[in-house]
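Working notes for the structure below.
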Amino acid sequence: EAQVTQNPRYLITVTGKKLTVTCSQNMNHEYMSWYRQDPGLGLRQIYYSMNVEVTDKGDVPEGYKVSRKEKRNFPLILESPSPNQTSLYFCATGLAGGNEQFFGPGTRLTVL
Amino acid sequence: GESVGLHLPTLSVQEGDNSIINCAYSNSASDYFIWYKQESGKGPQFIIDIRSNMDKRQGQRVTVLLNKTVKHLSLQIAATQPGDSAVYFCAEITDYKLSFGAGTTVTVRA
């Protein structure tokens with residue numbers, strides 16, 4: 001079954017404690033991306049990757065890091081989380097153009 | 001700045017009627033315009049896209065129209081069903097960067 005998985009699905013943490021949200025896909029897609037979704041602001045792109053070892057900033061990259069060491073995984077790293085990073089995070093994958101993307105189930109993060 | 005936006009935040013539709021969801025955009029350089037559907041508690045789901053050099057594209061029960069003159073995008077859903085109740089986002093992609101509008105919540109009345 002083609003799928004995008006994210007872990008954890010829910011996380012409550014405290015300010016400054018480093019965390020990683022994993023994203024994995026089994027569709028052999030080149031393109032992967034991270035978004036955050038906040039009420040009234042819609043979905044905003046954090047980072048995207050067009051292929052292994054190729055990443056680029058989206059609209060809201062501050063406070064986040066990503067890596068793409070292998071095709072199937074695209075972890076999102078928060079080195080020092082802050083309360084303004086409390087949000088619903090989605091990972092997505094797609095073919096090279098990125099216009100048709102398949103989204104994961106989301107990770108709800110709360111930073112206290 | 002450049003943005004993608006929707007005309008109305010909510011839309012109520014009678015089951016069986018056609019729905020029209022509108023979106024205004026400002027970036028003329030976008031490569032594709034896309035519609036996504038998000039049901040409660042789920043991630044967005046791709047519905048249909050249209051290349052910037054096209055005016056119309058049809059899918060199963062959906063039609064997307066692109067008017068570049070007035071920078072307007074619309075999604076038409078034929079014979080709206082209860083399962084169409086969701087939030088609909090228009091989006092545009094430029095140089096692999098995807099930007100979403102704020103969304104229109106569609107409620108289907110029985």
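Chain identifiers are assigned alphabetically (A, B, ...) following the order of the sequence lines, protein sequences preceding nucleic acid strands; residue numbering begins at 1 within each chain. These numbers come from the heavy atoms of this one structure, side chains and all, not from hydrogens, waters or symmetry mates.
With a 4.5 Å cut-off on non-hydrogen atoms, Tyr32(B) touches chain A through its side chain but not through its backbone. For Lys42(B), the part lying near chain A is the backbone, with the side chain staying farther off; criterion is any non-hydrogen pair under 4.5 Å. Of the atoms belonging to Tyr31(A), it is side-chain heavy atoms, and not backbone ones, that fall under 4.5 Å from chain B. Heavy atoms of Ile34(B) lying under 4.5 Å from chain A belong exclusively to its side chain.
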Discussion item. As a quick check of understanding, evaluate salt bridge (charged side-chain N to carboxylate O under 4.0 Å, His left out) for Arg68(A) and Glu53(A), giving each step before the final call.
Written reply: CA-CA 5 Å; Arg68(A) 188 90 183 275; Glu53(A) 302 291 1; over 6 Å; no

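Rounding to the nearest 0.5 Å gives a distance of 10.0 Å between CG of Asn53(B) and CG of Asp31(B).
Within the 3.5 Å criterion, the main-chain N or O of Gly63(A) finds no donor-acceptor partner in the side chain of Glu79(A).
Most heavy-atom pairs under 4.5 Å with chain B: of the set Lys57(A), Gln101(A), Arg44(A), this distinction falls to Gln101(A). With respect to chain B, the highest number of heavy-atom pairs below 4.5 Å among Tyr48(A), Tyr35(A), Phe102(A) belongs to Tyr48(A).
Between Phe103(A) and the choices Phe46(B), Tyr36(B), Phe89(B), the ring-ring contact (aromatic ring centres under 6.0 Å, His included) rule is met once, by Tyr36(B).
The residues Arg36(A) and Asp38(A) are annotated as salt-bridged, a charged nitrogen and a carboxylate oxygen being separated by less than 4.0 angstrom.
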